[in-house]
Amino acid sequence: MLEHTHAIAAARASHTDPSARAGAWGAPPPDPFGALRLDTAADAPLWRQLYEQLDALLSSGRVREGVSLPPERELAETLGVSRSTVKRCYDQLRHDQRLAGRGRAGSVVRTPPRRVHATAGRLQDFADELRERGKAATSMLLHLEVVRDARIASTFRRPPGAQFLHVARLRCGDGVPMLRELAWYDLALAPQMAGWDGHGSAHERLARLCALEMGSAEQTMEAVLSSQLDAAAFGLARPQPCLLVKRLTRAASGMPVEYVESTFRGDAYVCRLELRP
């Protein structure tokens, strides 16, 4: 079995040879990086072997957020592999949101947001969903106005000139942006919503001021790429996979009262379905 041992030799030499201290990374390589090894006889491609080892270092906390990984060319020379091998590994780490771009000394490690695991089938506010999982729920108001929108009116089965309160919010869990929420409320059925400032729970306001209890909802989910507005709200450098959830909620009387389009970050939200025979 052939095995690359360049990294181990470099790590040992750095403790005794002054010239090695200025080795591939310009400073004594951290022990985690010095332990990297690739096996040319293994079934897994070299880039995948490197990815799994770096992923383990990041997940264990041995390489912390803000630390720069070695530059692609220098790590490739140290391991005795092509630069394309290291580049493919780093690209996968960036795709997985483990790296936050490129720093002066290499690619900088970032901590991905902890995912929220939600169970589909329950009608509840996003803030309540987060609190059940021990997370602090906050919202940032992005836009609020009374509108006439033919597309939304059709969704509510209302005349084209019907008025709706439109509210756009950024919903966060433990300070991390989780979703961009666009909501519309039928002012003919719930005129008191016109005075809402966009903060707090819409469902609580509907129940308390409009005497409307939530009944049932129809919901669809689809995979999408983040739009420019989504990327700006989430702080993404480039489009990322997201989950678009559309929900039409009816009051207990059966009349549609709320329509919501929520774009969830794909790296921060997991939807779980319970299926029964």
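Starting from 1, each residue takes its place in the sequence as its number.
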_Could you go through Val257 and Met214, starting from their C-alpha distance and side-chain angles, then the distance that decides it, and tell me whether this counts as side-chain contact (heavy atoms from CB on, under 4.5 Å)?_
CA-CA 9 Å; Val257 65; Met214 297 300 97; 3.9 Å; yes
*Go through the steps for Lys87 and Glu72 under the test salt bridge (Lys or Arg N to Asp or Glu O under 4.0 Å), then give the verdict.*
CA-CA 6 Å; Lys87 182 179 185 301; Glu72 294 172 2; 5.8 Å; no
*Cys210 and Met193: side-chain contact (heavy atoms from CB on, under 4.5 Å), yes or no, with the steps?*
CA-CA 8 Å; Cys210 308; Met193 292 298 288; 4.2 Å; yes
*Steps toward side-chain contact (heavy atoms from CB on, under 4.5 Å) verdict (Val167, His143)*: CA-CA 6 Å; Val167 184; His143 185 75; over 6 Å; no
_I'd like to know whether Leu79 forms a side-chain contact (heavy atoms from CB on, under 4.5 Å) with Leu50, so could you lay out the CA-CA distance, the side-chain angles of the two residues, the decisive distance to 0.1 Å, and finally the verdict._
CA-CA 10 Å; Leu79 294 175; Leu50 180 60; 4.0 Å; yes
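In this structure, Leu206 and Glu213 have side chains that are not in contact, with every pair of non-hydrogen atoms separated by 4.5 Å or more. Put simply, the side chain of Arg94 reaches to within 4.5 Å of the side chain of Arg238, judged on heavy atoms. Contact annotation: the side chain of Leu187 approaches that of Val146 to within less than 4.5 Å [non-hydrogen atoms, C-beta and beyond]. Here the side chains of Tyr259 and Ile152 are in contact, with some heavy-atom distance below 4.5 Å. A heavy-atom distance below 4.5 Å is found between the side chains of Phe33 and Leu54. For the pair Leu170/Leu141, no side-chain contact is recorded, criterion being any heavy-atom separation below 4.5 Å from C-beta on. Between Leu182 and Val260, every side-chain heavy-atom pair lies at or beyond the 4.5 Å cut-off. Using a 4.5 Å heavy-atom cutoff, the side chains of Thr78 and Pro70 are not in contact.
Below 30°, between 30° and 60°, or above 60°: for Phe156 and Phe164 the angle between ring planes is between 30° and 60°, a tilted geometry.
Scanning all heavy atoms of the two residues, the minimum distance from Ala153 to Pro160 falls at CB-CA, 4.1 Å. Shown here for Ser201 and Glu204, the closest heavy-atom pair between the two residues is OG-N, 3.2 Å. Contact detail for Pro256 and Leu248: the closest heavy-atom pair is CB-CD1, 3.9 Å. Across Arg265 and Pro177, no two heavy atoms sit closer than the pair CD-O, 2.9 Å. Across Leu142 and Arg180, no two heavy atoms sit closer than the pair CD1-CG, 4.0 Å.
With hydrogens and angles disregarded, no donor-acceptor distance shorter than 3.5 Å links the side chain of Arg64 to the backbone of Leu58. No donor-acceptor pair under 3.5 Å is formed between the side chain of Thr85 and the backbone N or O of Val81. Distance alone, capped at 3.5 Å, is enough to place a donor-acceptor pair between the Gln49 side chain and the Ala44 backbone. Judged by distance alone, the side chain of Ser139 and the main-chain N or O of Arg169 form no donor-acceptor pair under 3.5 Å. Formation of a donor-acceptor pair under 3.5 Å by the Arg247 side chain with backbone atoms of Gln219 is not found in this model. Listed for the Glu181 side chain is no donor-acceptor partner under 3.5 Å among the backbone atoms of Ala168. Counting only distance, with no hydrogens or angles, the side chain of His166 and the backbone of Ala183 share a donor-acceptor pair below 3.5 Å. Gln53 places a side-chain N or O within donor-acceptor distance of the main-chain N or O of Arg37, the cut-off being under 3.5 Å.
If you take CD on Glu218 and OG1 on Thr155, they are separated by 11.0 Å, rounding to the nearest 0.5 Å. Atom CG in Leu225 sits 12.0 Å away from atom CG in Leu244 (nearest 0.5 Å). For the atom pair OG1 of Thr40 and CG of Leu46, the computed distance is 7.0 Å after rounding to the nearest 0.5 Å. Atom-to-atom distance recorded for Arg48:CZ and Asp55:CG is 8.0 Å, nearest 0.5 angstrom. Once rounded to the nearest 0.5 Å, the distance linking OG1 of Thr263 with CZ of Arg171 reads 13.5 Å. The CG atom of Leu243 lies 6.5 Å from the CE atom of Met221; values are rounded to the nearest 0.5 Å.
In the hydrophobic clustering of this structure, Met140 groups with Leu236; members are Ile, Leu, Val, Met, Phe, Trp, Tyr whose side-chain heavy atoms approach within less than 4.5 Å, directly or through other members. Under the 4.5 Å side-chain heavy-atom criterion for Ile, Leu, Val, Met, Phe, Trp and Tyr, Leu144 and Trp184 are members of distinct hydrophobic clusters. There is a path of hydrophobic side-chain contacts, each under 4.5 Å, that joins Leu212 to Trp196.
Salt bridge absent: Glu77 and Arg73 never bring a charged side-chain N and a carboxylate O closer than 4.0 Å. Using a 4.0 Å cut-off between a side-chain N of Lys or Arg and a carboxylate O of Asp or Glu, Asp91 and Arg88 do not qualify as a salt bridge. A salt bridge links Arg151 with Glu261: at least one charged nitrogen is closer than 4.0 Å to a carboxylate oxygen.
Each of Asp230, Val224, Leu179 was evaluated against Phe264; a single residue qualifies, Leu179, per the side-chain contact (heavy atoms from CB on, under 4.5 Å) test.
Counting non-hydrogen atoms of other residues, nucleotides and ligands closer than 6.0 Å to CD of Glu222 gives a total above 12. Other residues, nucleotides and ligands contribute more than 12 heavy atoms inside 6.0 Å of the CG atom of Asp197.
Pairs of residues two or more places apart, or lying in two chains, never qualify as ring pair (Phe, Tyr, Trp, His ring centres under 6.0 Å) while including a residue from residues 39-58.
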